[in-house]
Amino acid sequence: MQPTHIRAKMISRIKYMVSNAIIKDRRYLDDEQLIRSEQLSVLEEIFNANVRDTEITELSSHFAGILRKDHPCHLAIWGKTGTGKTLTLSYFLNFLSEMCSQENIPIRHEHLDLSTPCPCFRALNDLACTFNASKRYKKGISLEELMLRIEAKLSEYEGYLILFIDEVDNVKRDRDTFLTFLVRRLPQRIKARLILVLVSNRLNWPDHLDPRVKSFLKLNELIFEPYDAVDLQHILRIRIEKALCKNAVETGVVEKIAAMASMDHGDARKAVALLAKSAYLAEKDSTKITLETVDKAAAEFDKDRYLSLLRSAPVQLQAAMASVIQATIQYRDKRLGTGRVYDEYKKICRQASLRAMTARAFGDLISELDIYSLLRSKVISRGRYGRTREIVLELPTSLIADAWEMLKNNLNLN
DNA sequence: TGTCCACAGGAAATACGGGGGT
DNA sequence: ACCCCCGTATTTCCTGTGGACA
């Protein structure tokens, strides 16, 4: 060991990195790290570039009634993830409140974020919490009790109350109870004028809703189109200016990222994440961000997404996924039905000393994996050889080995 | 035409684990 | 400390089903 040697190495590396730095302020590559006011200022710049113009105009006319002491009806908003629904709405509602307070119109808005799937109970509980009407419970208190507390808390308030409920369709099971409460019961019991803003990323969510709720729910609808490539370019350029040094980006990179992101979802968050990843990669190699860097970043991005999704999933789901992979490898080109995969699953559970769930429950696990699009399952009939769900692994082939390794580790197999 | 496979997937029953009330 | 109640997760039980085969 030669301490001076390693020191010299470190110093030269650090100096080198500093002189070649391309990231100026990495917080601007990740929204989570920005404080509220910074987020809003970025947002305002984006809006000033005429992005989301039509949506904001629509919102304005929908809520204009408030300034005339009118009661606008509820609003349903559709749009895929990363189309800026949440940010646009909170920006707009803040602005609206400001305007109203200048006119002395009492108004309040609350944001209920259901970005992770949650049962009716937790949704109500969260709602109660945002009103300070109750503490956070895990269990052990009835839905009725929660509703009463919310009502009690709001009983005195008489102005407008805008409830902005993000990702409504994440309310699993009993969605009707939740919505019935909001749509029918709550308005009758409180004096405030309630306006619901329901955000969802599926277009057809009111379809399988209790018809009684639906008829009560007079809705105005607003659709957030996915960003197109031009919008995304605006968004990226603003970020680049804030986060990166001058000349850190080769020409064509912005266009490329924008094109990639708009092609598969029009998701702005994803576009920014891709930019961030590219920047990190470029910085590590001390180069500019080139077109190849972007390709590399995109590949890694996909990999990370799948693997972290799996890693953080409940064990049973991981075991189910492992069994699907195992079965796919084992039976190579034969078609996979639920039965075979279930046998595999039982084996894996034994190895991982996990309690195997019943076939019925296993079927539900498969459906869940389908929702995450880790696999595709389709019910087919093979005549006298029965009916089953054909299961096809939907993982990029390059990832199968990685995923398998990770699952094996997580489940302590072998 | 009827049979029967191998499951799907709905409904009811049961197990679980945690909070509230006393 | 005890018991009871609640929502949630899983199991048990069950009916349904498309089409190959006889």
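Below, chain A is the first sequence line, B the second, and so on; all start at residue 1.
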**Asked** Do the charged groups of Asp302(A) and Arg305(A) touch, with an N to O distance under 4.0 Å?
**Response**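 Yes, this pair counts.
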
Which whole-number value in Å describes the distance from [X] [atom1] to [N] [atom2]?
{"X": "Lys378(A)", "N": "dC7(B)", "atom1": "NZ", "atom2": "P", "answer": "17 Å"}
{"X": "Ile366(A)", "N": "dC7(B)", "atom1": "CD1", "atom2": "C1'", "answer": "13 Å"}
{"X": "Met357(A)", "N": "dT8(C)", "atom1": "CE", "atom2": "P", "answer": "17 Å"}
{"X": "Ile391(A)", "N": "dA8(B)", "atom1": "CD1", "atom2": "C1'", "answer": "12 Å"}
{"X": "Phe362(A)", "N": "dA8(B)", "atom1": "CZ", "atom2": "C1'", "answer": "14 Å"}
{"X": "Arg355(A)", "N": "dC16(B)", "atom1": "CZ", "atom2": "C1'", "answer": "10 Å"}

**Message:** Side-chain N or O of Arg360(A) versus OP1/OP2 of dA9(C): is the shortest distance under 4.0 Å?
**Reply:**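 The answer is no; no side-chain N or O of Arg360(A) sits under 4.0 Å from OP1 or OP2.
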
Contacts table for residues 98-108 of chain A: side-chain donor-acceptor under 3.5 angstrom, sequence neighbours left out:
from	atom 1	to	atom 2	distance (Å)
Ser101(A)	OG	Ser97(A)	O	3.4
Ser101(A)	OG	Glu98(A)	O	2.9
Arg108(A)	NH2	Glu110(A)	OE2	3.3

**Partners passing salt bridge (Lys or Arg N to Asp or Glu O under 4.0 Å) against Asp370(A) (at least two apart in sequence or in another chain)** =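 Residues passing salt bridge (Lys or Arg N to Asp or Glu O under 4.0 Å) with Asp370(A): Arg376(A).
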
**Request:** Identify, with sequence neighbours excluded, every residue that meets salt bridge (Lys or Arg N to Asp or Glu O under 4.0 Å) alongside Glu241(A).
**Result:**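 Glu241(A) satisfies salt bridge (Lys or Arg N to Asp or Glu O under 4.0 Å) with no residue once adjacent residues are dropped.
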
**Message:** Quick check: do Val253(A) and Lys288(A) have side-chain heavy atoms less than 4.5 Å from each other?
**Reply:**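 No, side chains not in contact.
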
**DNA chain B contacts made by residues 314-323 of chain A, counting heavy atoms under 4.0 Å** =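 Result for residues 314-323 of chain A: none.
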
Using the side-chain hydrogen bond (donor to acceptor under 3.5 Å, both in side chains) criterion, which residues pair with [X]? Sequence neighbours excluded.
{"X": "Glu38(A)", "answer": "Arg27(A)"}
{"X": "Tyr345(A)", "answer": "Gln316(A)"}
{"X": "Arg384(A)", "answer": "none"}

**Message:** Counting only heavy atoms and a strict 4.0 angstrom limit, can you tell me which residues of residues 380-390 of chain A come near DNA chain C?
**Reply:**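 Within residues 380-390 of chain A, the residues near DNA chain C are Ser381(A), Gly383(A), Arg384(A), Tyr385(A), Gly386(A), Arg387(A).
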
**Message:** Under 4.0 Å, counting only non-hydrogen atoms across every strand here, what does Gly339(A) touch: a base, just sugar-phosphate, or nothing?
**Reply:**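 Contact class for Gly339(A): sugar-phosphate only.
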
**Request:** Apply ring pair (Phe, Tyr, Trp, His ring centres under 6.0 Å) to Tyr28(A) and list each qualifying residue two or more places apart in sequence or on a separate chain.
**Result:**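 With sequence neighbours excluded, Tyr28(A) shows a ring pair (Phe, Tyr, Trp, His ring centres under 6.0 Å) to no residue whatsoever.
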
**Request:** State which residues pass ring pair (Phe, Tyr, Trp, His ring centres under 6.0 Å) with Tyr160(A); sequence neighbours excluded, sorted by chain then number.
**Result:**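 Residues passing ring pair (Phe, Tyr, Trp, His ring centres under 6.0 Å) with Tyr160(A): none at all.
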
**Asked** Which angle, rounded to 10°, do you find between the first-five-pair axis and the last-five-pair axis of the helix from dT1(B)-dA22(C) to dT22(B)-dA1(C)?
**Response**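 Terminal axis comparison yields 20°.
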
**Message:** For residues 57-68 of chain A, which residue pairs pass the salt bridge (Lys or Arg N to Asp or Glu O under 4.0 Å) check, not counting sequence neighbours?
**Reply:**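 Of all non-adjacent pairs touching residues 57-68 of chain A, those that pass salt bridge (Lys or Arg N to Asp or Glu O under 4.0 Å) are Arg68(A)-Asp70(A).
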
